[in-house]
Amino acid sequence: MVKQGVFFKCTTENATNFRRASGKDWFFKVTGPNGDIYEKWVSINDVEEMENPKGRGNVNLVLRAKGSKRVGLITVESIDGAFTDEDGDFVCLAVFDCRGCTLEEFSLQGEWLVDSSESGATFEVELDEDEDDWADYDESAAVSISLLDMECEIRTV
């Protein structure tokens, strides 16, 4: 069993509490049970569960190796929280329990939420696969809000 975390950092302007929208997919490049890296992004949803083929509880994703009976299992262990504007270094956003597979790369693509540090308003952030900057305007506080130079790492925890 290997536990891997998604770690995130960025430069913020009037933004705080960057977090994954509840029930949305996390996108990874994964090394499967036969040691092959999946070329396409694999999505894992913390809300969707399936039966563990090895018979012990539920998991969030089952990867089956082509031509063998090997399986890789991934369970979302915890969604630790959010990146705030006070954080200067990498912060763990989530931890995944990986059995028979390894998370290799993480993509920020998908739906996220961020709060204005000035007004507290929540903004929906939709990111594409290659984006590392996001900006909007908080009309109630009359300030721009942005996340710049977003970076992610996967680390064993």
_Are N60 and F96 packed together at the side-chain level, in the sense that at least one heavy-atom pair is separated by less than 4.5 angstrom?_
no
_Using the side chain to side chain contact (heavy atoms under 4.5 Å, CB included) criterion, which residues pair with N45? Sequence neighbours excluded._
D25, V47, E48
_Listed partners of K24 passing salt bridge (Lys or Arg N to Asp or Glu O under 4.0 Å), at least two apart_ = E111
_Could you tell me if the side chain of I145 sits less than 4.5 Å from the side chain of W134, heavy atoms only?_
yes
*asked:* Does atom CZ (R155) have a neighbourhood of more than 12 heavy atoms from anything else shown, all under 6.0 Å?
replied: yes
*In Å, rounded to the nearest 0.5 Å, how long is the span from CD of E151 to CG of L108?*
10.5 Å
_Show the nearest heavy-atom pair for residues V114 and A15, with the distance to one decimal._
CG2-CB, 3.8 Å
_Contact summary for G5 and C92, nearest pair of heavy atoms_ = CA-SG, 4.3 Å
_Non-neighbouring partners of W41 that pass ring pair (Phe, Tyr, Trp, His ring centres under 6.0 Å), sequence neighbours left out_ = none
*Taking atom CD of E51 as the centre, does the number of heavy atoms from other residues, nucleotides or ligands within less than 6.0 Å exceed 12?*
no
*asked:* Given 3.5 Å as the limit, does a donor-acceptor pair link the side chain of N34 with the main chain of A65, or not?
replied: no
*What salt bridge (charged side-chain N to carboxylate O under 4.0 Å, His left out) pairs are there with at least one residue in residues 113-130, not counting sequence neighbours?*
R19-D115
*Set of salt bridge (Lys or Arg N to Asp or Glu O under 4.0 Å) partners for D97, sequence neighbours left out*: R99
*List the atom of V143, the atom of Y137, and the distance in Å for their closest heavy-atom pair.*
O-CD1, 3.5 Å
*CD/Q4 to SG/C101 distance, rounded to the nearest 0.5 angstrom?*
8.0 Å
*Any chance you could pull the hydrophobic cluster mates of V157, using side-chain heavy atoms under 4.5 angstrom and chaining through other members?*
F7, F90, V95
*What heavy-atom pair brings R20 and Q109 nearest, and what distance separates the two atoms?*
NH2-O, 3.1 Å
*Fit a plane to each ring of W26 and W112, take the angle between them on a 0 to 90° scale, and name the class: parallel (under 30°), tilted (30 to 60°) or perpendicular (over 60°).*
perpendicular
_L113: hydrophobic cluster co-members (side-chain, 4.5 Å)_ = none
*Is there any salt bridge (charged side-chain N to carboxylate O under 4.0 Å, His left out) pair reaching into residues 27-43, and which pairs are they, with sequence neighbours excluded?*
none
_Qualifying residues under salt bridge (Lys or Arg N to Asp or Glu O under 4.0 Å), relative to E13, sequence neighbours excluded_ = none
_So, applying side chain to side chain contact (heavy atoms under 4.5 Å, CB included) with L103, which one of I74, T156, V42 is it?_
I74
*Rounded to the nearest 0.5 Å, how far apart are OG of S107 and CG of L127?*
8.5 Å
*Separation between CG of D46 and OG of S22, rounded to the nearest 0.5 Å*: 6.0 Å
*Please tell me if the side chains of D133 and S146 come closer than 4.5 Å, counting only heavy atoms from C-beta onward.*
no
*asked:* Would you say F27 ends up clustered with Y38 if hydrophobic residues are merged whenever their side chains have heavy atoms under 4.5 Å apart, either directly or through other cluster members?
replied: no
_Residue pairs passing the salt bridge (charged side-chain N to carboxylate O under 4.0 Å, His left out) test where at least one lies in residues 134-148, sequence neighbours excluded_ = none
*Please name all residues satisfying side chain to side chain contact (heavy atoms under 4.5 Å, CB included) with T31, sequence neighbours left out, ordered by chain then number.*
I37, T102, E104
*Would you sort out whether T12 and F18 count as a side chain to side chain contact (heavy atoms under 4.5 Å, CB included), showing the intermediate values?*
CA-CA 10 Å; T12 64; F18 179 72; over 6 Å; no
*Check whether any side-chain heavy atom of F8 sits under 4.5 Å from a side-chain heavy atom of V91, and report yes or no.*
no
*Residues clustering with M50 (ILVMFWY side chains joined when closer than 4.5 Å, directly or via others)*: V59, V62, V71, L73
*Which pair of heavy atoms, one from F123 and one from S116, lies closest together, and at what distance?*
CE1-CB, 3.9 Å
